[in-house]
Engineer: 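This structure is in structure tokens; I'll ask about it shortly.
Below, read A as the first sequence line, B as the second, and so on, with proteins coming before strands; counting in each chain starts at 1. Note that these values count all heavy atoms, side chains included, but never hydrogens, waters or copies made by symmetry.
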Amino acid sequence: MRIVFMGTPEVAAVSLARLLEGSDPVVGVVTQPDRAAGRGQTVIPSPVRQVAERHGIAVLTPEKMRDPAFLSALNHWAPQLIVVVAYGRILPRQILDLPALGCLNVHYSLLPKYRGAAPVAWAVVNGEEKSGVTTMQLVEKMDAGPTFLQREIPLASDETAGSLQAKLAPVGAALLMETIAKLKAGSLTPRAQDEQEATYAPMLKKEDGLIDWRLPAAAIERRVRGLSPWPSAYTQLDGKLLKIHRASVITGQPGATPGEVVRADKFALWIATGAAVLSLDEVQLENKKRLPAADFLRGAKIEKGARL
RNA sequence: CGCGGGGUGGAGCAGUCUGGCAGCUCGCAAGGCUCAUAACCUUGAGGUCCCGGGUUCAAAUCCCGGCCCCGCAA
């Protein structure tokens with residue numbers, strides 16, 4: 001079966017690599033265009049592109065989905081199935097209808113929960129006890145198509161978006177292979193999603209990381225994990241950006257107004273929140289390295305009573 | 001050439017602008033105090049001030065070049 005793969009980040013590259021170990025030929029790969037990124041604005045190809053090129057597979061990087069040259073090339077590849085994993089763009093109907101078997105999507109949540117761009121991060125932020133992977137048929141409405149297979153995995157108590165992503169990537173790749181096999185065998189039963197149960201996980205914005213100290217410490221701590229490693233939870237300290245990479249909840253009364261430092265000694269940095277106290281365990285001041293709180297406190301002169 | 005901060009005993013930092021004894025908070029070692037302690041007191045060891053060149057009586061500090069780390073942005 002001729003397959004075209006569409007995807008962009010590392011998690012998609014894992015699925016592509018797994019797909020390439022299978023027997024179905026991947027006749028082409030579509031990924032986001034190389035963009036100047038990072039310090040110095042160097043141009044870095046997407047992880048999916050790197051895997052594709054390593055295997056000598058043709059790669060297309062259209063700026064626009066409706067670009068005639070792209071559509072023509074895609075059509076020429078004559079895919080019987082298009083596999084989409086975190087491609088980062090809505091596919092128009094003419095692409096959805098192109099392959100005989102349609103477009104198969106791997107989504108990193110238990111659909112219909114967490115439709116959208118950042119299901120992994122929001123599952124952690126919201127303190128879900130489980131997440132998972134769902135394979136589904138792509139339709140025009142985002143992540144709303146009928147589902148094929150689903151696999152659950154539990155979240156650890158110290159789960160971060162990064163660690164969860166790392167767990168889900170191979171699960172998704174395996175589920176993708178299983179779905180393709182059953183699709184070929186005709187033993188797959190699409191199931192319509194329950195629209196009443198649908199929730200959304202919008203793309204993360206930088207501002208999602210700004211900590212509101214009036215929230216309970218437990219909620220802030222989850223946000224720290226959910227936005228790790230990107231974009232990171234952060235607050236302001238003397239007008240400077242202070243990222244919080246790791247934190248823990250200290251139960252008890254905050255004993256001060258939210259955002260106030262209630263302890264700053266050579267062992268710990270504690271901040272009052274709307275409910276209980278948050279211990280900042282690993283932080284990073286702008287322009288500085290990330291540091292354990294104890295190391296950070298040695299150089300920064302932070303006193304009890306200071307405000308974040 | 002996208003914008004910007006930084007590299008100083010083992011850790012985190014000050015000192016650099018305005019050149020003049022290598023400093024602070026810790027850690028480590030030894031001793032003391034204490035029923036005891038992550039507490040307190042005394043003493044001590046530990047330095048290529050990122051690298052190379054230049055200016056100077058004198059460079060962590062000023063000038064030129066290089067390497068490395070980081071924040072923003074994307």
Side-chain angles (χ1 to χ4, degrees), chain A residues 6-13 30-50 53 59-65 86-90 116-118 120-121 160-162 165 201-213 220 223-252 255 259 261-271 277-308:
Chain A
M6 303 178 73
T8 302
E10 182 59 36
V11 67
V30 181
T31 190
Q32 295 282 341
D34 300 345
R35 296 207 170 86
R39 204 175 294 129
Q41 297 297 103
T42 43
V43 173
I44 298 176
S46 75
V48 162
R49 179 175 194 147
Q50 293 181 38
E53 290 181 340
V59 175
L60 291 177
T61 59
E63 286 286 355
K64 293 180 178 176
M65 288 290 87
Y87 173 54
R89 199 159 286 195
I90 305 286
V120 176
T160 66
Q165 183 83 277
M203 182 157 32
L204 290 175
K205 301 186 300 283
K206 195 79 186 172
E207 310 85 78
D208 291 322
L210 180 60
I211 291 173
D212 180 353
W213 293 106
I220 297 172
R223 185 158 290 243
V224 167
R225 287 188 282 115
L227 299 196
S228 166
W230 190 90
S232 286
Y234 63 93
T235 188
Q236 296 278 327
L237 176 65
D238 293 334
K240 285 190 227 163
L241 179 77
L242 182 72
K243 284 189 179 180
I244 300 177
H245 293 296
R246 206 155 41 77
S248 49
V249 176
I250 307 296
T251 52
V261 175
V262 294
R263 179 183 177 186
D265 52 35
K266 63 176 165 175
F267 305 109
L269 177 56
W270 289 4
I271 314 296
V277 169
L278 193 71
S279 170
L280 309 190
D281 299 329
E282 188 176 23
V283 300
Q284 179 176 26
L285 198 60
E286 65 180 66
N287 298 330
K288 298 293 191 176
K289 284 184 198 147
R290 51 193 292 171
L291 295 172
D295 285 353
F296 171 70
L297 285 164
R298 242 167 253 134
K301 332 141 198 98
I302 300 193
E303 303 283 328
K304 181 177 175 181
R307 295 202 56 85
L308 295 181

Engineer: For B:rC72, which nucleotide is its Watson-Crick or G-U wobble mate, given both distances must be under 3.5 Å?
Structural biologist: B:rG2

Engineer: Does A:D34 have more than 12 heavy atoms from other residues, nucleotides or ligands lying within 6.0 Å of its CG?
Structural biologist: yes

Engineer: Whole angstrom is fine here: how far is it from CZ in A:R298 over to P in B:rG27?
Structural biologist: 7 Å

Engineer: Roughly how many Å is it from CG in A:L291 to P in B:rG27, rounded to a whole number?
Structural biologist: 17 Å

Engineer: When the C1' atoms of B:rU55 and B:rC64 are considered, how many whole Å apart are they?
Structural biologist: 11 Å

Engineer: Determine which nucleotide pairs with B:rA59, using a 3.5 Å limit on both distances of a Watson-Crick or G-U wobble pair.
Structural biologist: none

Engineer: Considering only the C1' atoms, how many Å lie between B:rU61 and B:rU18, rounded to the nearest integer?
Structural biologist: 10 Å

Engineer: What distance, rounded to whole Å, do you find between the two P atoms, one in B:rG27 and one in B:rC69?
Structural biologist: 31 Å

Engineer: What is the distance from CD1 of A:I302 to C1' of B:rU25, rounded to the nearest Å?
Structural biologist: 13 Å

Engineer: Hey, could you give me the OG1/CZ distance between A:T235 and A:R307, rounded to the nearest 0.5 Å?
Structural biologist: 10.0 Å

Engineer: Please report the distance separating the C1' of B:rC57 from the corresponding atom of B:rC62, rounded so that it comes out in whole Å.
Structural biologist: 16 Å

Engineer: Nearest 0.5 angstrom please: A:L308 CG to A:I302 CD1, how far?
Structural biologist: 7.0 Å

Engineer: Under a 3.5 Å cut-off for both contacts, is B:rC17 paired Watson-Crick or G-U wobble with anything, and if yes, with which nucleotide?
Structural biologist: none

Engineer: Give me the distance, rounded to whole Å, that separates B:rG10 from B:rG71 when you measure between the C1' atoms they each carry.
Structural biologist: 26 Å

Engineer: Just jot down the side-chain contact (heavy atoms from CB on, under 4.5 Å) partners of A:E303, sequence neighbours excluded, or say none.
Structural biologist: none

Engineer: Between B:rA58 and B:rG65, how far is it from one C1' atom to the other, in whole Å?
Structural biologist: 23 Å

Engineer: Would you say A:S228 and A:H245 make side-chain contact, with heavy atoms under 4.5 Å?
Structural biologist: no

Engineer: Looking at A:R290 and A:E282, is any side-chain nitrogen of the basic one under 4.0 Å from a carboxylate oxygen of the acidic one?
Structural biologist: yes

Engineer: List the protein contact pattern of nucleotides 66-74 of chain B with one symbol per nucleotide (5' to 3'): B for base contact, S for sugar-phosphate-only contact, - for none; contact means a heavy-atom distance under 4.0 Å.
Structural biologist: ---SBBBBB

Engineer: Which distance, rounded to the nearest 0.5 Å, do you find between the CG of A:L241 and the NZ of A:K288?
Structural biologist: 14.0 Å

Engineer: Using Watson-Crick or G-U wobble geometry with both distances under 3.5 Å, which nucleotide pairs with B:rC26?
Structural biologist: B:rG10

Engineer: I'd like the C1' distance from B:rG9 over to B:rG19, given in whole Å.
Structural biologist: 23 Å

Engineer: Give me the distance, rounded to whole Å, that separates B:rC13 from B:rU8 when you measure between the C1' atoms they each carry.
Structural biologist: 9 Å

Engineer: A:K266 NZ to B:rA38 P: how many Å, rounded?
Structural biologist: 9 Å

